[in-house]
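Order of listing sets the numbers, starting from 1, for every ligand and every atom in it. Along the sequence shown, residues are numbered consecutively beginning with 1.
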Amino acid sequence: MNIKNNLILALDVGSESEAIDICEKVKESIDTIKIGYPLALAEGLEIIKKLKDKFGFKVICDFKVADIDATNEKICEETFKAGADAIICHGFVGPDSVQACLDVANKYEKELFLLTEMSHPGAKKFLQPAADEIAKMGIKMGITNYVAPATRLDRLQDIRNIVGEDAYIISPGVGKQGGDGKKTLEISNAIIVGRSIYEAENPKEACENLLK
Ligand code: U5P
């Protein structure tokens, strides 16, 4: 995925009007947004096409898909049908569940991101011990896109070492969660930033400061 300025906006706002307002303010710096449950549950999946049509953005759906294969398939179908360019799935559910997501992404000629280790402190308890194996599974399955944390650069580097330089890694956790954008981009291909942009008094300036 080609992401302008290697910066993805996590648009976790609660309404279409807030979403449009933020997008208007940052559209010069950003061409890729990540939509998760907050906005999708508030406004429905139609919000994907609305934002794509209005701003020409690429949309990554952060639905952290984590069900049995048959259900994952249905979730991915609905998401790509609604216009998503990519979807994020969990890896801990194992290869059959992830393969179902990969098959649907391939069918739509869209992209799948495999979530390895999450960025919050609680991820250390269950997910971190499994994350290297999840990344190895992804490589074995031919997955080229990964999500790995900006909050633990040592772990981000471990995951980079496993998936290799050709893999595309996007990293959440910059700003509010404590991660440093510049250091993260020495390892990752793009950073995901939410609150530090959309909660800022001046989101446009927040974006520009991040890009500096
Ligand atoms: N996100 C994480 N960590 C992960 C995976 C996804 O923070 O391991 C998502 C959050 O759900 C949010 C965004 O949408 O990335 C980070 O937002 P913020 O902390 O910059 O506000």
Provide, line by line, the atom pairs where ligand 1 and the protein bring an N/O atom each to a distance under 3.5 Å; else say none.
from     : atom 1 : to     : atom 2 : distance (Å)
ligand 1 : 3 (N)  : Ser119 : OG     : 2.6
ligand 1 : 7 (O)  : Ser119 : OG     : 3.3
ligand 1 : 7 (O)  : Gln177 : NE2    : 2.8
ligand 1 : 8 (O)  : Ser119 : N      : 2.8
ligand 1 : 14 (O) : Asp12  : OD2    : 2.5
ligand 1 : 14 (O) : Lys34  : NZ     : 2.8
ligand 1 : 19 (O) : Gln177 : NE2    : 2.8
ligand 1 : 19 (O) : Arg195 : NH2    : 2.8
ligand 1 : 20 (O) : Gly194 : N      : 2.8
ligand 1 : 21 (O) : Arg195 : N      : 2.8
ligand 1 : 21 (O) : Arg195 : NE     : 2.7

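- Between Tyr146 and the choices Asn189, Ile170, Thr116, the side-chain contact (heavy atoms from CB on, under 4.5 Å) rule is met once, by Thr116.
- With hydrogens and angles disregarded, a donor-acceptor distance shorter than 3.5 Å links the side chain of Asp85 to the backbone of Val59.
- Between Lys183 and Glu186 there is no salt bridge, since no side-chain N of the basic residue sits under 4.0 Å from a carboxylate O of the acidic one.
- Between Glu46 and Lys49, none of the side-chain N atoms (NZ, or NE/NH1/NH2) sits under 4.0 Å from a carboxylate O, so this pair counts as no salt bridge.
- Take Ala150 and apply the side chain to side chain contact (heavy atoms under 4.5 Å, CB included) test, not counting sequence neighbours, and it matches Ser171, Val174, Thr184.
- Classification of Glu133 and Lys136 as a salt-bridged pair holds, one side-chain N sitting under 4.0 Å from a carboxylate O.
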